[in-house]
Amino acid sequence: MSRVVIVGASASGVAVAEALARTAPDTEVHLVGDEAEIAHDRPPLSKQVLAGEWQADRARLLPPARLDQLSANLHLGVSAVSVDEPGREVLLADGARLAFDDLVVATGVRPRQLPGGHPDGVHVLRTLGDALALGADLGPGGRLLVVGAGFLGLEIAATARKLDSSVVVVEPMVSPLESRLGAAAAERLLTLHAEHGVDVRAGTSVDSFKTGPDGRVEGAVLSDGSTVDCTAAVVAIGCVPNTEWLANTSVDRTDGVVCDTFCSAAPGIWAVGDVARWHHAGLGRHLRIEHRLNATEQAIAVAANITGTPTPFVPTPYFWTDHYDVKVQVAGIIDAASEETVQSVDDGRGFLHTYHSEGRLVAVLGWNAAKAMMPLRRELKFTPTPRPEPTHA
Amino acid sequence: MPCIRLHTDYCIASGACVLEAPEVFSLDDDGIVAQIEPEPASEQWPAVQRAAAVCPVAVIEIGEE
């Protein structure tokens with residue numbers, strides 16, 4: 001019986017375990033997670049959970065019925081500290097050793113912090129505990145400083161406005177989001193936030209935090225010399241892959257776990273989700289995608305590659321982000337050189353953006369236009385040809 | 001025969017199910033999943049299984065009738 005050890009009990013790791021239970025029930029699966037329970041799904045943490053609209057239970061990745069079907073051996077509340085690659089064993093922090101035939105790296109990423117440290121009242125948002133702690137600091141009279149105008153920072157800004165906190169967003173880039181959404185959609189999203197009272201200070205960064213006598217954050221000094229007062233802050237400036245525990249292996253850890261087209265990093269070692277930087281055969285380059293759908297799709301692909309004939313993983317990247325009553329969805333990859341066209345749909349309530357490169361459709365963006373996007377999303381599908389030979393598997 | 005149950009209050013309009021099984025699932029005007037084939041034929045069930053597996057919020061539940 002084949003033995004698979006999955007390290008990381010969040011979206012991608014759990015999805016590998018579920019896929020193996022479904023397609024290869026004879027596999028002995030071990031799921032290792034450093035949180036005390038299986039992680040909560042992350043997208044609701046910056047929205048419904050942060051707003052207090054959902055109880056945490058509703059954001060569980062696995063309701064009890066699906067946990068029962070998993071039939072995996074759970075090792076929770078313990079982290080993996082190293083891998084004995086020739087000996088085919090994972091060493092856990094409690095001293096246990098787990099033998100494996102295949103190892104799946106699903107350890108995800110952690111929030112990047114500002115240099116100089118984060119005083120009390122300065123949050124990050126990655127786990128359920130982070131969301132509950134930040135939520136406790138939001139509400140009428142609250143003044144939130146958001147560092148970083150990416151999708152996470154702006155989703156938090158929208159939730160904070162809903163809870164009647166005032167919000168200032170500080171962002172070093174002069175044109176935030178433009179590289180991810182194209183110029184027109186980025187501008188429309190920033191305008192939407194301005195209309196909701198969010199003060200976005202593009203082209204500035206935080207030089208230092210100001211703290212009160214109790215050590216708690218009271219404001220920040222910005223790079224333009226101005227100051228912002230706040231009652232709490234959240235730093236959303238990207239993430240760092242959790243790969244340190246693989247230091248003594250042959251795995252290339254250059255910004256994630258570097259993999260071949262099959263998501264294999266070394267013989268019998270695979271990576272999935274936010275941590276995986278794999279070679280996308282359709283795009284001809286390596287990608288590391290920190291988006292929710294990729295975690296599931298990549299997990300299903302890796303489970304199939306472990307148990308069957310390895311097939312290149314060539315998804316069409318997709319993400320969504322929610323702000324107030326607007327859902328933005330992007331399929332494909334928008335690059336700065338692509339030509340953007342915009343049309344309104346649904347009597348002007350939504351917009352459909354398309355992006356062409358050398359005459360070919362490379363991405364589509366829907367602004368409250370999920371249905372209208374679908375025919376174009378089908379055009380964006382990759383076919384995995386020619387079929388490359390496995391380099392590791 | 002298996003049956004499909006949709007937990008639509010969780011649907012986030014990812015459209016992943018429609019890409020996997022376009023003959024069985026569609027999005028309505030609000031972007032919420034709708035089942036357009038009430039009785040999928042046996043050859044459609046593998047696609048339905050893939051759609052259920054890929055949904056990032058597990059909207060599609062496949063049970064026994």
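Worth knowing before you read on, the calculation uses all heavy atoms, side chains too, and leaves out hydrogens, waters and symmetry mates. Residue numbering restarts at 1 for every chain, and letters A, B, ... go by the order of the sequence lines.
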Where along residues 320-334 of chain A does a heavy atom come under 4.5 Å of chain B, listed by residue number? A/W320, A/K327, A/Q329

Mind checking which of residues 41-52 of chain A sit less than 4.5 Å from chain B, heavy atom to heavy atom?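 Checking residues 41-52 of chain A against chain B gives A/D41.
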
Interface residues of residues 44-62 of chain B facing chain A - non-hydrogen atoms under 4.5 Å apart: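 Listed by number, the contacting residues are B/A53, B/V54, B/P56, B/V57, B/A58.
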
Residues from residues 24-36 of chain B approaching chain A under 4.5 Å (heavy atoms): B/L27, B/D28, B/D29, B/G31

For B/E39, look at atom CD and say whether over 12 heavy atoms of other residues, nucleotides or ligands are found less than 6.0 Å away.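 Not buried by this count: 12 neighbours or fewer within 6.0 Å.
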
How long is the gap from CG on A/L293 to CD1 on B/I12, to the nearest 0.5 Å? 8.0 Å

Going by heavy atoms in the side chains, are A/R292 and B/S14 under 4.5 Å from each other? no

Chain B shares the most heavy-atom pairs under 4.5 Å, among A/R58, A/E297, A/M373, with A/R58

So, for A/R378 and B/V18, which heavy atoms are closest and what is the spacing to 0.1 Å? NH2-CG1, 3.3 Å

